[in-house]
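Side chains are part of it too, since the values below use all heavy atoms of this structure and drop only hydrogens, waters and symmetry mates. The chains referred to below are lettered A, B, ... by the order of the sequence lines, with proteins before strands, and numbering in each begins at 1.
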Number of protein chains: 2
Amino acid sequence: MVTVIEQTSLVGVAEGFPFLAGASQATRDLVTALPVRQVAPRSPVLHRGDGVDGVFLVVGGSLRVFYIAADGHEATLYRVRPGQTCILALTAAFRSDPYPAWVETEDEQLSFVLVPGAMFRELYNAEPTFRSFVFEVLSGRVFELMSRLEDLGSLRVEQRLAAFLLEVVDSSGEVVLSQARLAAHLGTAREVVFRALRTMSDAGLVATSRGRVKLLDPAGLRRLHQYG
Amino acid sequence: MVTVIEQTSLVGVAEGFPFLAGASQATRDLVTALPVRQVAPRSPVLHRGDGVDGVFLVVGGSLRVFYIAADGHEATLYRVRPGQTCILALTAAFRSDPYPAWVETEDEQLSFVLVPGAMFRELYNAEPTFRSFVFEVLSGRVFELMSRLEDLGSLRVEQRLAAFLLEVVDSSGEVVLSQARLAAHLGTAREVVFRALRTMSDAGLVATSRGRVKLLDPAGLRRLHQYG
DNA sequence: CATCGAGTGTGACTCAGGTTCCAGAGCATG
DNA sequence: CATGCTCTGGAACCTGAGTCACACTCGATG
């Protein structure tokens with residue numbers, strides 16, 4: 001399931017996970033001793049139904065957790081960024097439930113640390129800062145999923161697209177994703193994304209080119225998301 | 001925000017929350033000493049934006065966590081049943097975030113214990129069984145929200161209605177909710193619920209009467225949910 | 001028993017968005 | 001430079017579901 005293409009050692013784990021700063025030396029040693037693993041961009045990490053006894057601490061790159069519907073269309077449930085952890089694997093670690101979604105890396109190379117289930121339980125029970133970290137990640141995910149549910153149930157595709165563009169825009173103000181990829185994130189069809197982008201483009205909010213969307217008016221997009 | 005209409009003492013908390021059995025005597029005493037509070041059926045408990053420094057342990061009745069969209073329509077995000085806890089208040093207890101949704105009681109009288117934020121933190125840090133409980137509730141909620149998101153994004157209203165009816169059916173095989181209430185749960189319009197019920201009724205899956213839906217063929221409803 | 005509110009039953013209309021199909025542009029490859 | 005893939009642009013169509021308007025029925029209440 002996890003295609004590890006390379007192993008380096010303790011790079012950036014301590015910096016990426018602030019809870020380690022407040023943890024005991026023993027915990028720090030334990031976690032930083034774990035190998036940092038790498039997965040290539042755009043590669044599968046987990047399939048629905050997979051069992052994983054471990055927790056992913058994402059150091060670099062990002063994960064996309066998504067579903068694939070019966071008719072084949074897919075949609076992103078949430079994304080795991082550096083400093084976060086993959087809740088599902090974590091949950092499966094405690095419950096040994098089957099994994100309810102697919103996970104793949106996004107456009108950057110992923111680097112992560114895999115904390116085995118046993119070690120996770122130990123840390124969760126012994127280390128207050130780790131406990132807080134777990135609580136924050138889990139409850140933050142609940143908040144995030146709730147607001148996604150609300151958006152999905154009450155906003156038009158164009159508004160959800162605006163929100164998504166703002167979420168994934170890079171430092172240069174661009175979103176480097178094809179219309180098809182955007183559609184897969186939103187759970188809609190490519191043609192629908194095209195129409196929404198044309199409307200936005202006509203309104204001067206974005207400029208499109210092959211494989212990318214330049215955000216010309218982020219404030220306007222934010223308004224579009226909130227007030228339609 | 002919480003309209004407490006009555007206070008009784010330690011009824012059913014120990015039975016409803018198995019984690020207490022494995023907890024220390026001190027913890028058991030602490031929790032069972034908390035008053036069991038009551039709220040009338042169909043009453044508001046929290047408004048969006050409310051701050052609550054505490055956690056609801058639901059002993060009897062149930063809570064409905066929902067949003068209200070800009071156009072006034074509402075939809076249920078999730079429901080909190082006996083033995084569970086209201087995650088949002090719990091999260092707000094740690095983060096002091098504003099509360100992102102509305103909460104109201106459902107058709108039964110609610111009885112619950114309010115664990116103050118400070119006591120929650122103490123228990124979370126000191127009591128392993130409580131920790132597991134919190135983890136289970138939170139991660140279970142994440143699973144639930146993910147599958148709701150998937151259903152909302154890939155199923156027709158009729159399929160989602162079938163799933164909801166199966167979720168809330170009582171022991172006598174009936175769902176005691178008006179079409180308007182069903183619509184509010186699903187985030188759709190009453191007329192749409194009516195049409196879906198007529199289709200189901202024509203197919204012999206349910207029988208409708210004023211204010212209730214009798215499930216004639218639960219297996220058929222399950223098939224409808226899964227395969228359309 | 002008259003009245004009123006809440007609930008159901010229904011047709012007609014509108015619209016966002018999904019579907020189908022195709023043209024053409026950009027870009028990498030042998 | 002020819003081939004082929006990916007991507008964008010776009011028309012035409014279909015459908016699920018939200019909206020509007022209204023009649024009717026049930027049950028509670030004065």
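- Separating the CG atom in B/L215 from the CG atom in B/L166 is a distance of 6.0 Å, to the nearest 0.5 Å.
- A cation-pi geometry, defined here as NZ or CZ lying under 6.0 Å from the six-membered ring centre and within 45° of its normal, does not hold between A/R223 and A/Y227.
- Taking CZ of A/F56 as the start and CG of A/L114 as the end, the distance is 5.5 Å to the nearest 0.5 Å.
- Here the options are A/R160, A/R222, A/R148, the test is salt bridge (Lys or Arg N to Asp or Glu O under 4.0 Å), and the partner is A/E167; only A/R148 passes.
- Atom pair A/L182:CG and D/dT8:C1' shows a separation of 12 Å (rounding to whole Å applied).
- Distance CZ (A/R181) to P (D/dC7): 8 Å, rounded to an integer number of Å.
- The closest side-chain heavy-atom distance from A/L224 to A/L161 is not below 4.5 Å.
- The aromatic rings of A/H73 and A/Y67 sit perpendicular, their planes meeting at an angle over 60°, well past the 30° parallel limit.
- For the segment residues 157-176 of chain A, the set of residues with a heavy atom within less than 4.0 Å of an atom of DNA chain C comprises A/V157, in numerical order.
- Across A/E106, A/E144, A/E108, a single residue satisfies salt bridge (Lys or Arg N to Asp or Glu O under 4.0 Å) together with A/R79, and that is A/E106.
- Using a distance-only test at 3.5 Å, with no hydrogens or angles considered, no donor-acceptor pair links the side chain of A/D151 to the main chain of A/S154.
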Can you check nucleotides 8-10 of chain C for protein contacts, nitrogen or oxygen pairs under 3.5 Å, and list what you find?
from, atom 1, to, atom 2, distance (Å)
C/dT8, OP1, B/Q179, N, 3.4
C/dT8, OP1, B/G211, N, 3.3
C/dT8, OP2, B/Q179, N, 3.0
C/dG9, OP2, B/Q179, NE2, 3.0
C/dG9, N7, B/R190, NH2, 2.8

